[in-house]
Number of protein chains: 2
Amino acid sequence: MTTTLADVAARARVSPATVSRVLNGNYPVAASTRERVLRAVDELDYVLNATASSLAAATSDLVGILVNDIADPFFGIMAGAAQSAIGGQEGTGRGGGEKLAVVCNTGGSPERELTYLTLLQRQRAAAVVLTGGAVEDPEHVAAVSAKLAKLSDAGTRVVLCGRPPMEGGGSAVLATLSFDNRGGGRQLAQHLLELGHRRIGYVAGPEERTTTRHRLEGHLKALDAAGIKDDPRLVLHGPYDRRSGYEATRELLDREPGLTAVVAANDTVALGACAAVRERGLRIPEDISVAGFDDLPFSVDAVPALTTVRLPLYEAGAWAGRLAMGAEAPPEGGVAVVRGELMARASTAAPGR
Amino acid sequence: MTTTLADVAARARVSPATVSRVLNGNYPVAASTRERVLRAVDELDYVLNATASSLAAATSDLVGILVNDIADPFFGIMAGAAQSAIGGQEGTGRGGGEKLAVVCNTGGSPERELTYLTLLQRQRAAAVVLTGGAVEDPEHVAAVSAKLAKLSDAGTRVVLCGRPPMEGGGSAVLATLSFDNRGGGRQLAQHLLELGHRRIGYVAGPEERTTTRHRLEGHLKALDAAGIKDDPRLVLHGPYDRRSGYEATRELLDREPGLTAVVAANDTVALGACAAVRERGLRIPEDISVAGFDDLPFSVDAVPALTTVRLPLYEAGAWAGRLAMGAEAPPEGGVAVVRGELMARASTAAPGR
DNA sequence: TTGAAAGCGTTACCAG
DNA sequence: CTGGTAACGCTTTCAA
């Protein structure tokens, strides 16, 4: 049979209540008693039953971190940082209070996102962190808002990381750490424009996603400011993966052979873009410049000449983790904008092609 | 107040027991009754309390997937596959039975690995999947074995994925999907040897890790078979990251300028190796060959000429997920060896240097 | 096919 | 500082 708190109490010759207090360390207990209890715990190899604790205390120690694609280091870095911030706190004791930070992979699917939120709601999760760009479909946005409101009502701390603030959902969301995607898109384009580039292709992310829209808006705004009129033929949408970058870039080069630069929605897409460019026998950056977003650790190896906007992923994730743990939310309605840094890794002067 | 099963029962004019049966779908209920109950559930926006369910049923719907480094796509791909296999099953209904697959990042730390296992034990997890190479420290191995035994006793299904079978721990572990790391290491070395390479550097992973030891063993065995004596100066250990590959390769090139090939412990390390090689003005593969392991999606972009062993990460992860869900374990003591495929992406004939 | 009631293992309040 | 004891919300026999 599984040993219970009562077994420990019996062995230590104290009441269950006392054992509970020792284990949770949230109430004064005589040192000698504590000693006796802990010995009994060790002797019996007792482990608290979290489901019973949660039921009785009406609070769980589960913290869910939702990501769009667990195979993408962009999310891995943020989630890992959050998990460290959450997990690396309490002592390693047999006691309670230890948070269980876990990451849930939605795979970018709205349904799975909702499913996970429901599952976490069932668990009465202590906190939920939503990372990465959100889907903009009104119906889904409404569903998520409603879910978050319910979670929040039930005492779950809701934090957004790398995601724009929810429209009017301010009450349910404790804090929002949003990347300055518009600014990043603008920086990238401005940089290329200053170098003299005029024909710039853009491989955007999936439609209906906030990151996609914001980065593209920044890009187009910069072009507009430079007096370059929006050319829809130079913008292609696709998923945030390598293949999309490859295929879209081939298409862009077909449409506009005079292209001197390609901006990709993120670094993973940029890698595909590079492959397509190389395939055409073009050198980077001598013949054509390629720019990305995110600055994943491997992009420097993939393309030493890649221009990118480095987002402070680790810092943002860690901050989100702390907020989930109860840290004070930033002022201004709990919204903080996290800016990226432009990394121009090589000369990318406009080729004469 | 939070609405409970009793509230639903009252509204549907049935007993709590009936509501439970409808929600779990594991007991016959009259269609009309079910209808009424479900309507009440929807009207009240009721969500099962998983902690209460788990306590009463003595089983949880939590499945934990432990990974060494969540920012490494190697783990992301496996974990994502496992999560899909686990999560994408039940209907999206409001009912129970839905598993909550979550991934836990140990960061390669033995303590955190144990902590997570304890946390999952507390939650009475339905299953636990341990992925990736294990630490070989005897004390830690014993601690993990003991933990797994306890989990297993408590009814948790334990699955190992991309990790060698536990010594004698067969009883606690339901199934083991182990990569053929020795064979992979051998393949890589043999390939290089056949091309005429004789001075081959090796950047190994961290000491005390099974993957590190096995891959290296395969490598050395192949060299030995070719009559090349083991030269400790050509083997360097370090963490599984880019920096390690960079620094170790610089050191190797200093020690042995006549090197014609470098084998890295995995593709991430290989990227660092490539950077170091390029820095010395050497071209790949004309001047020197670089080989890796794992075949991360981006490695082809980083180094089109990289030679690597592709491991079926997705398939292994999906299989592990199915096993965690209750699929039948493979025969042979539950151990299955998953082999990789050699990918020689470019000519890597031994340079004349 | 449905209902009644006895737990499941902890927590937290109230006494002492 | 410690003990007794109602909850906590659901599952699951056992009857009907």
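Reminder, nothing fancy here: chain letters follow the sequence lines and each chain counts from 1.
Screening B/Thr176, B/Val173, B/Leu160 against B/Pro165 for a side-chain contact (heavy atoms from CB on, under 4.5 Å) leaves a single residue, B/Thr176.
Among the atoms of the strands shown, base atoms are found under 4.0 Å from some heavy atom of A/Ala17. Looking at heavy-atom distances under 4.0 Å, B/Val14 makes contact with sugar-phosphate atoms alone, never a base.
A donor-acceptor pair shorter than 3.5 Å can be found between the side chains of A/Ser15 and A/Thr18. Using modelled atom types and a 3.5 Å distance limit, the side chains of A/Thr118 and A/Thr115 yield no donor-acceptor pair. Judged purely by distance below 3.5 Å, without hydrogens or angles, the side chains of A/Glu113 and A/Asn68 never pair a donor atom with an acceptor atom.
If you take CG of B/Asp61 and P of D/dT11, they are 11 Å apart, rounded to a whole angstrom. Note: CD (B/Glu35) to P (C/dT1) measures 16 Å, nearest angstrom. Rounded to whole angstrom, the span from the OH atom of A/Tyr27 across to the P atom of D/dG4 amounts to 16 Å. Computed from coordinates, the A/Arg36 CZ to D/dC1 C1' distance equals 12 Å when rounded to whole Å. In this entry the distance linking CG of A/Leu23 with P of C/dG9 reads 16 Å, nearest Å. Computed from coordinates, the A/Arg21 CZ to D/dC1 P distance equals 11 Å when rounded to whole Å. In this structure, CG of A/Leu5 is placed 6 Å from P of C/dT11, rounded to the nearest angstrom. Distance, B/Asn26 CG to D/dT12 P: 7 Å, rounded to whole Å.
Taking OH of A/Tyr46 as the reference point, atom CG of A/Leu38 lies at 12.5 Å (rounded to 0.5 Å).
For B/Asn49 and A/Ser32, each mapped to the nucleotide of DNA chain D holding its nearest heavy atom, the one lying further toward the 5' end belongs to A/Ser32. Nearest-nucleotide positions on DNA chain C place B/Val29 closer to the 5' end than the other of A/Val47 and B/Val29. Closest-nucleotide positions on DNA chain C for B/Arg34 and B/Arg124 were compared, and the one nearer the 5' end corresponds to B/Arg34. Position along DNA chain D of the nearest nucleotide to A/Ser15 versus A/Leu55 favours A/Ser15 as the more 5'-ward residue.
Within the structure, every side-chain polar atom (N or O) of B/Thr4 is placed at least 4.0 Å from both OP1 and OP2 of D/dG9. When the side-chain nitrogen and oxygen atoms of A/Thr18 are compared with OP1 and OP2 of D/dT2, none of them lie within a distance under 4.0 Å. Of the side-chain N and O atoms in A/Thr33, one or more sit less than 4.0 angstrom from OP1 or OP2 of D/dT2.
Distance from the side chain of B/Ala30 is smallest to C/dT1 among D/dT12, C/dT1, C/dT10. Here the side chain of A/Leu48 is nearest to one of C/dG9, C/dT2, C/dT10, namely C/dT10. Closest to the side chain of B/Ala56, out of C/dG7, D/dG3, C/dG9, is C/dG7.
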